[in-house]
There are 2 protein chains.
Amino acid sequence: MIYSIGELSKMTQCKIPTIRYYEGIGVLQKAMRSTGNQRQYSQAHCDRLHLICHSRALGFSLEEIKQLIELQGGQFNSGQKSHDIVQSHLTDIRNKITQLKKLERELLTIVEQCHQSQTSDCLCVSALK
Amino acid sequence: MIYSIGELSKMTQCKIPTIRYYEGIGVLQKAMRSTGNQRQYSQAHCDRLHLICHSRALGFSLEEIKQLIELQGGQFNSGQKSHDIVQSHLTDIRNKITQLKKLERELLTIVEQCHQSQTSDCLCVSALK
DNA sequence: CTTGAACCTCTAGTGACTAGAGCTTGTAGA
DNA sequence: TCTACAAGCTCTAGTCACTAGAGGTTCAAG
C-alpha cells in the first residue's frame, strides 16, 4: 500500500506540516515522490511515524527519539543505551512531578490566603513576591 | 541605592541577558542610564525582578506575569482577575501532574519488560511502538 | 475541460531565552 | 595620567517543536 501525506496524517493523527517537518530534520525517512512530486509513503513510514508520535506523547524530545531509532538499527550494546535513555527519561519525569507538587502546595497557600482576606483586593500578586 | 546590571543579576540570580530581555519585552520597567549609557537600577526594579523570577519559577508565563502586574496597578475588580489567573494556573499544574503520572506508569512498564527479557537486546524501542 | 481539494516550497513567527560579534565604558593599580 | 581588563552596550542569529501564510502546482471527479 502507498499513502499520500493526507492519508498518513489521518492514520497517525499527526498534522501534515509536522510530517514534512519530521522529514526535514531527518527523524522520519524521506518519502518517495510521485511523477508530480507529491510524497508517497509506505507502511514502514507509517510505523515509524507512529513510534515518533507515541514517543513525543511520552515526552521524549525529537533528539532522543532520533537516538533511540538509530540505536535500534545498530548492534553493539544498543539495548543498554536505549534502556539508559528511557530510564533517564523516567527519572526526569519523576523529578518534574516532585517539582510540580511543590508548586501546587505553594499556589494553594496563595489562593487560600486570598479567600481569607475578605477585602475586594486579593493579595495573590503580593503573595508572589 | 543604585545597582548596575551585574549587581542586580547577583542579587536576583537572574542572568544579565535575561534582565535585558525582560526590559525589552516590557515586563520589567526601563532602567535609568548613566552618562555612559549603562543601566542603573533602583530597589523598585529589584523588587519587580524578584517577583518575576519567583513567578517564572512557579511556572507562570511572562504573559501571565505581565497581566498580574498590570492588574495589581489597576483598581476595578483586579483582585478577582488576579485570583482567577492564579487559580487557573493551579488547575493547569494539577492536570500536568496527572498527565505525568500516566507517563510514569507507562515508562515503568516499558523498563520492567526490558529487565525481564534477559537478552542483550532490550525491547525499549519496540515497546514504544 | 474545468473546478476545487490536496499538494508543493519557502519564509517567518511563537516563547523564553542564550550565544556571539564587535564595540564602549568604568575602575583599579602603576 | 596611563594602561589593562572587567563589565557593560547593541544587534543578530540560534534553540525547540512546531504553526501559519503566501503563492504556486497537481490530482481526481464531473
Side-chain angles (χ1 to χ4, degrees), chain A residues 2-28 30-42 45 48-69 85 89 92 96 99 103, chain B residues 1-28 30-42 45-46 48-69 85 89 92 96 99 103:
Chain A
I2 278 177
Y3 312 108
S4 71
I5 198 166
E7 288 166 338
L8 190 66
S9 171
K10 262 175 210 150
M11 291 193 298
T12 57
Q13 313 286 1
C14 181
K15 289 182 185 167
I16 290 173
T18 305
I19 296 175
R20 288 197 276 247
Y21 171 73
Y22 287 163
E23 180 177 323
I25 61 163
V27 69
L28 181 63
K30 289 209 166 184
M32 298 157 291
R33 297 293 182 125
S34 71
T35 46
N37 199 36
Q38 302 204 348
R39 287 175 178 81
Q40 295 179 315
Y41 296 96
S42 64
H45 287 99
R48 168 76 62 90
L49 188 52
H50 264 128
L51 189 156
I52 297 168
C53 293
H54 187 198
S55 306
R56 284 290 299 134
L58 287 173
F60 288 93
S61 72
L62 287 172
E63 202 41 58
E64 286 172 321
I65 296 170
K66 233 178 188 171
Q67 283 180 48
L68 248 16
I69 289 170
I85 292 173
H89 189 62
D92 284 356
K96 252 183 215 158
Q99 184 64 15
L103 298 191
Chain B
M1 261 306 271
I2 278 176
Y3 312 108
S4 71
I5 197 165
E7 289 165 340
L8 190 67
S9 171
K10 264 174 208 151
M11 293 191 299
T12 57
Q13 312 287 1
C14 181
K15 289 183 185 168
I16 291 173
T18 306
I19 296 175
R20 289 197 276 246
Y21 171 72
Y22 287 164
E23 182 178 321
I25 60 163
V27 68
L28 182 62
K30 288 209 169 186
M32 298 156 291
R33 295 295 180 124
S34 71
T35 46
N37 199 35
Q38 302 203 351
R39 287 176 178 80
Q40 295 178 315
Y41 296 96
S42 66
H45 288 99
C46 187
R48 169 75 65 91
L49 188 53
H50 263 127
L51 190 157
I52 296 168
C53 293
H54 187 199
S55 305
R56 284 291 300 136
L58 287 172
F60 288 93
S61 72
L62 288 173
E63 202 42 56
E64 286 171 322
I65 296 170
K66 234 180 189 167
Q67 284 179 50
L68 248 16
I69 289 170
I85 292 173
H89 189 61
D92 285 355
K96 253 183 216 159
Q99 185 64 17
L103 299 191

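Nothing here was measured: the structure is a model prediction, and the numbers come from that model. Letters go in sequence order (proteins before strands), and every chain restarts at 1.
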What N/O pairs connect the protein and nucleotides 19-28 of chain C at under 3.5 Å? Give each pair on its own line.
from: dG26(C); atom 1: OP1; to: S34(B); atom 2: OG; distance (Å): 3.4
from: dG26(C); atom 1: OP1; to: G36(B); atom 2: N; distance (Å): 3.4

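- Proximity note for R20(B) (side chain, C-beta onward) versus dT9(C), dG8(D), dA17(D): the nearest is dG8(D).
- Atom-to-atom, CD1 of I16(A) to C1' of dC8(C) comes out at 11 Å; the value is rounded to the nearest Å.
- For S34(A), there are no side chain to side chain donor-acceptor pair (under 3.5 Å) partners, not counting sequence neighbours.
- The side chain to side chain donor-acceptor pair (under 3.5 Å) test applied to E64(A) returns no partner, not counting sequence neighbours.
- If you check every strand for non-hydrogen atoms under 4.0 Å, I25(B) touches nothing.
- For the side chain to side chain donor-acceptor pair (under 3.5 Å) test, no residue two or more places apart in sequence or in another chain qualifies with H89(A).
- Comparing dT10(D), dG8(D), dT9(C) against the side chain of R39(B) picks out dT10(D) as the nearest.
- With H45(B) contributing its side chain and S42(B) its backbone, the two residues share a donor-acceptor pair below 3.5 Å.
- To the nearest angstrom, C1' of dA7(D) lies 10 Å from NZ of K10(B).
- Rounded to an integer number of Å, the gap from Y21(A) OH to dC8(C) P is 18 Å.
- For F60(A) and dC16(D), the CZ to P distance is 18 Å, given to the nearest whole Å.
- Looking at residues two or more places apart in sequence or on another chain, you find a side chain to side chain contact (heavy atoms under 4.5 Å, CB included) between K15(B) and P17(B), T18(B).
- If you take CD of Q40(A) and C1' of dC27(D), they are 12 Å apart, rounded to a whole angstrom.
- Rounded to whole Å, the distance from CD1 on I52(A) to P on dC18(D) is 10 Å.
- With sequence neighbours excluded, no residue forms a side chain to side chain donor-acceptor pair (under 3.5 Å) with R56(B).
- Put simply, CD on E23(B) is 8 Å from P on dT10(D), counting in whole angstrom units.
- Comparing atom distances between the I5(A) side chain and each of dA17(D), dA16(C), dC8(C) picks out dC8(C) as nearest.
- Close to dA7(D), at under 4.0 Å from its OP1 or OP2, lies no side-chain N or O of S4(B).
- L49(A) is not listed as a side-chain neighbour of Y41(A), based on a closest heavy-atom distance of 4.5 Å or more.
- Out of dA17(D), dT9(C), dT18(C), the shortest distance to the side chain of R33(A) is found at dT9(C).
- Nearest-nucleotide positions on DNA chain C place E7(A) closer to the 5' end than the other of E7(A) and Y22(B).
- Counting to the nearest Å, the C1' atom of dT10(D) and the CD1 atom of I19(B) are 16 Å from each other.
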